[in-house]
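Okay, structure first, notes after.
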Amino acid sequence: MNLTLKVWRQKNAQTSGKFVSYKAENISPDMSFLEMLDVVNESLTHKGDEPINFDHDCREGICGMCSLYINGHPHGPKRGITTCQLHMRTFHDGETITIEPWRAEAFPIVKDLAVDRSAFDRIQQAGGYVSVNTGGVPDGNAIPIPKVIADEAFNSATCIGCGACVAACKNASAMLFVSAKITQLGLLPQGQPERYRRVQSMVAQMDEEGFGSCTNTGACEAECPKEIKLTNIARMNNDYFSAKLFREDEVHEQGH
Amino acid sequence: MTLDAKIPQGPLAEKWSKHKFDLKLVNPANKRKYDIIIVGTGLAGASAAATLGELGYNVKAFCFQDSPRRAHSIAAQGGINAAKNYQNDGDSVFRLFYDTIKGGDYRARESNVHRLAEVSVNIIDQCVAQGVPFAREYGGLLDNRSFGGSQVSRTFYARGQTGQQLLLGAYSALNRQIHAGKVKMYTRHEMLDVVTIDGHAKGIVTRNMLTGAIDTHDGHAVLLCTGGYSNVFYLSTNAIGSNVTAAWRAHKRGAFFGNPCYTQIHPTCIPVTGDHQSKLTLMSESLRNDGRVWAPKTVEIAEQLRKGTLKADQVKEDDRDYFLERKYPAFGNLVPRDVASRNAKEMVEEGKGVGGSGFAVFLDFADAIKRLGEETVKAKYGNLFDMYIQITDENPYKQPMRIYPAVHYTMGGLWVDYNLSTTIPGLYALGECNFSDHGANRLGASALMQGLSDGYFVIPYTLGDYLAKIGPKKVDTNHPAFAATKKDVVDHVNKLLALKGTKTTNEYHRELGHIMWEYCGMARTDEGLRKAKGLIQALKADFWKNAIVTGENEEVNASLERAGRVADFIELGELMIDDALMRKESCGGHFRVESQTADGEALRDDENFAFVAAWEFKGENQPEELHKEQLTFEAVHLSQRNYA
């Protein structure tokens, strides 16, 4: 296959960027999208040009490091996969492919197609945990958890923190990401003691990072590579309003 | 220098309890006077950072990814072993210990492995308390599955994403300590050297991968939790960024490297499709619980399958050779990884390989689907099947999967004593980064166990002993060693940046991978290894003349990062070859063609090789010196492994 790529190039967050066109030649349909970019980068390197910078690591759809807005979709046109799992057989010979970074104020550009997602870490640091120290915990089977509850918590826990939900949202809202962790821990008995404090701390941090509010469009759910459901946001809102209306005192104590 | 493993005295089952009592403690008020550096935030690093933070130490944690949650532990699929005996099927701490020692082909230290089995039960409790959503049965209790090399069900799992869930648990504990101010997190930082003063580790040198800033960081101890080095083979199941640089630079500063040639080839990976391939994808070993491995009985049928004139589901039952079930009736498809891998390779060499390339055998779920129904199979392995469909465009619910072995894990690593200390006092190695618990072959679902055991339950005790002995006096950052080590790193970076040749570092890496896979992969010979040594030396010389490194230091520069890692992999590759040459026996994942039984199984030589090889760096382009830690076995009787 021979393709034309329109790639966003930007030296860093301080400078402005632009689209640059590249030819991708002799591409095998069995290549992954990132392997296709590897091929382009190898030829750029041979020419002494600077390779295209993009984030990637595990290349099997679980680390959440890869991103890329491909032809107007986070992680490309297919559902339920990350960019590294996208294969070139999805495209046709001669096609022009537009590749952009995640666009959101809370995700400043690092270089070219890579962005800074540390805002996600800071939200998790604000309360995305159960406050237990190592050791001195009860036996793993001490608290039975109904299978449906454990499975539901697991579904929320599969979020890989890639940021596609933010990139897909016209408001750059992070509510799907934040609600996934809140739901996981809110469903499990281990998460109950801090349930209302957690939702308030994490939402406050989310707001502070500059993410927008939910638009109820559902683009996040449609584009999420792990198919995290909108119901997570409903659960988060429910917990948040419960906390604000009836349990706000629980948030005052911030000691650890 | 003589190696002292510092194994505690006393009966095996009491060593760890007694040792914990004998270790010195740092009193709670003094802990805040100590700074601990932790490099890597996978299961070992994140669990250690969180736990040491909870205890009150000041921790500085480093990772090269953009977030600690992305460390490669996240990709582990199948599960984590623990001797809980929840299934009432005869499991015990001793049985887990025994299986691990035997699975490792009697090349691991008994005392370490027994400790691992002891603390395995605590790990599960800890993870459940953190909110890790393990798989459960309808009664609400934890579910188990069985794994290779064992006849009991002791593996806890979270669908096919156990590593992800355990890492996110450790990451959440780490986040709590970051929020509490006890851990300072440095992301997108790569460790490029370790600073030693009077032989003790006192700090590290890092490069900020966003700005290029090369800085020193000081601490009373340094913990390397930087994973394994499978990427020396170029193609492996590791993440693209996984590298040996931190461990290798520490090795060059005096940390001995243990058993570098012990690498694990995982039997169930998706076969290679072409030269463009950048990594290989593993299909969890748990698939062998229900999938049946087979190859066609004759070369003729294999040829038709390769050409595509015959489909796998059209091959008659009588024409299929379920070779693992045939050769190993007791363990069947659940033989250890090295055995399964070598048998697949044999089938291919006999001309019975399938798939376009011929480098594959089948893993068939037709019987499981008939027995359990498609829905049950989907619930158990759905995400793995989806992954297979994505990559191959084939449907494993209808056609058997094609699988072939790929490099997956490295049992070798920095040599550590019972306290996880390397030969540099104050420098520790945890998780896959060290050599310690898996001998010559790791059993499935034991890597997660070891990473978390080291981080949550071992290092918090053993580190305190060292810290109490050296005292809380601040590290002198004006000591010339800091400036000198930093200068070495700057010089090395500049040397790399000056490379403006004709070949990309990726091309060198691929070439190195070919050499390693061909001569130091699933089967190794004296002749092949000697040839490989020459090839690698030539590759190294060529790299430093003809490699291309683009860009500058003061920016995001993936080309520079890669170049440094590839240069280190080339040097490590040569040491692996030396180690494989020296070890004339076969054991576990290390198969020397000259040393096999009449049935073609790995043949150990306990008289001459029941030792850990610990290599000491003696200077650039100098042969390394071999030190031997003799292994003594008190609780188990050394026998030829037999899974039939």
Side-chain angles (χ1 to χ4, degrees), chain A residues 12 28 30-31 34-35 38-39 42 45-46 48 50-51 53 55-65 81 85 87 89 110-111 114 116-118 120-121 124-126 128-135 137-141 144-147 150 153-154 157-158 161 184-185 188 190-191 256, chain B residues 50-51 54 65-67 69-70 72 74-75 84 86 122 124-126 128-131 133-134 136-142 158-159 161 164-165 168 172-173 175-176 178-180 187 210 239-241 273-274 276-279 281 387 390-391 393 456 460 504 506 548 550-551 555-556 558-559:
Chain A
N12 51 43
S28 153
D30 286 332
M31 283 182 192
L34 297 183
E35 284 167 350
D38 289 343
V39 170
E42 283 288 283
T45 307
H46 271 295
E50 194 155 6
N53 190 61
D55 272 331
H56 61 103
D57 202 21
C58 79
R59 298 205 176 190
E60 52 186 272
I62 196 75
C63 76
M65 187 99 176
I81 57 167
Q85 294 173 295
H87 280 70
R89 62 179 83 94
V110 164
K111 182 180 183 177
D116 176 0
R117 288 169 285 195
S118 53
F120 269 17
D121 281 333
Q124 295 293 340
Q125 288 156 16
Y129 40 76
V130 175
S131 298
V132 289
N133 284 351
T134 303
V137 298
D139 184 87
N141 263 347
I145 303 174
K147 184 169 163 37
F154 177 87
T158 57
Q184 176 205 337
L185 298 178
L188 297 171
Q190 289 81 7
H256 292 273
Chain B
T51 306
E54 288 161 10
Q65 297 91 345
D66 74 334
S67 162
R69 66 180 293 156
R70 311 216 195 275
H72 193 58
I74 201 124
K84 282 284 197 186
Y86 282 158
N122 305 109
I124 301 305
D125 301 341
Q126 189 62 37
V128 168
Q130 288 169 344
F134 281 118
R136 288 181 182 265
E137 293 168 346
Y138 281 102
L141 302 182
L142 293 161
R159 233 168 278 175
Q161 287 147 261
Q164 180 197 28
Q165 294 309 317
L168 292 181
S172 74
N175 280 334
R176 179 168 159 248
I178 294 172
H179 191 63
T187 59
L210 295 177
I240 302 294
T273 56
H276 56 263
Q277 194 114 12
S278 61
K279 79 155 270 165
T281 303
M387 201 157 77
Q390 281 308 331
I391 293 172
D393 211 18
Y456 282 135
T504 67
N506 203 40
I548 317 174
T550 60
E555 60 174 349
V556 176
S559 171

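Proteins get letters first, then strands, A, B, ... in listed order; numbering begins at 1 in each.
- Contacts between A:Asn53 and chain B at a heavy-atom distance below 4.5 Å involve the side chain alone, from C-beta outward.
- Between chain B and the options A:Val130, A:Asp121, A:Asp55, the largest number of non-hydrogen pairs under 4.5 Å is found for A:Asp121.
- Highest contact tally toward chain B, considering only A:Glu60, A:Arg89, A:Glu50, is held by A:Arg89 [criterion: heavy-atom pairs under 4.5 Å].
- Taking chain A as the reference chain and counting heavy-atom pairs below 4.5 Å, the highest number among B:Gln277, B:Gln390, B:Gln130, B:Gln126 is found for B:Gln126.
- Side-chain contact of A:Asp116 with A:Ser118: a donor-acceptor pair under 3.5 Å is present, judged by distance alone.
- When the candidates B:Ala558, B:Ala158, B:Gly551 are compared by the number of heavy-atom contacts under 4.5 Å with chain A, B:Ala158 comes out ahead.
- Neither the backbone nor the side chain of A:Asn12 has a heavy atom closer than 4.5 Å to any heavy atom of chain B.
- Looking only at side-chain heavy atoms (C-beta outward), A:Asp38 and A:Met31 stay at 4.5 Å or farther from each other.
- Of the two parts of A:Leu185, only the side chain, counted from C-beta on, holds a non-hydrogen atom closer than 4.5 Å to a non-hydrogen atom of chain B.
- Counting heavy atoms from C-beta outward, B:Asp125 and B:Lys84 have side chains that approach closer than 4.5 Å.
- Both the backbone and the side chain of B:Thr51 come within contact range of chain A, judged by heavy atoms closer than 4.5 Å.
- With chain A as the partner, the residue from B:Gly131, B:Ser278, B:Pro460 showing the most heavy-atom pairs under 4.5 Å is B:Ser278.
- The closest donor-acceptor contact from the side chain of A:Asp57 to the backbone of B:Gly241 lies under 3.5 Å.
- Contacts with chain A were tallied for B:Phe134, B:Tyr138, B:Tyr86; B:Tyr86 has the most, counting heavy-atom pairs under 4.5 Å.
- Using a 4.5 Å cut-off on side-chain heavy atoms (C-beta onward), B:Ile391 and A:His87 make contact.
- Note on B:Met387, B:Glu555, B:Lys279: by heavy-atom pairs under 4.5 Å with chain A, the leading option is B:Lys279.
- Contact record, B:Arg136 with A:Lys147: O-CD, 3.4 Å, taken as the closest heavy-atom pair.
- Side-chain atoms of B:Arg69 and A:Phe120, non-hydrogen and from C-beta on, never get closer than 4.5 Å to each other.
- Residue A:Gly140 comes nearest to B:Val128 through the heavy atom pair O-CG1, 3.8 Å, listed as atom of the first residue, atom of the second, then distance.
- Between B:Gln165 and B:Pro133 there is a side-chain heavy-atom pair separated by less than 4.5 Å.
- For B:Asp66, the parts lying under 4.5 angstrom from a heavy atom of chain A are both the backbone and the side chain.
- When heavy atoms are compared at a cutoff of 4.5 Å, B:His276 approaches chain A by way of both its backbone and its side chain.
- Using a 3.5 Å distance cut-off with no hydrogens or angles, the side chains of A:Thr158 and B:Gln161 do not pair a donor with an acceptor.
- For A:His46, the parts sitting under 4.5 Å from any heavy atom of chain B are the backbone and the side chain alike.
- Counting heavy-atom pairs closer than 4.5 Å to chain A, the top residue among B:Thr273, B:Leu168, B:Leu142 is B:Leu142.
- Top candidate by heavy-atom pairs under 4.5 Å with chain B, chosen from A:Val137, A:Leu188, A:Asn133, is A:Asn133.
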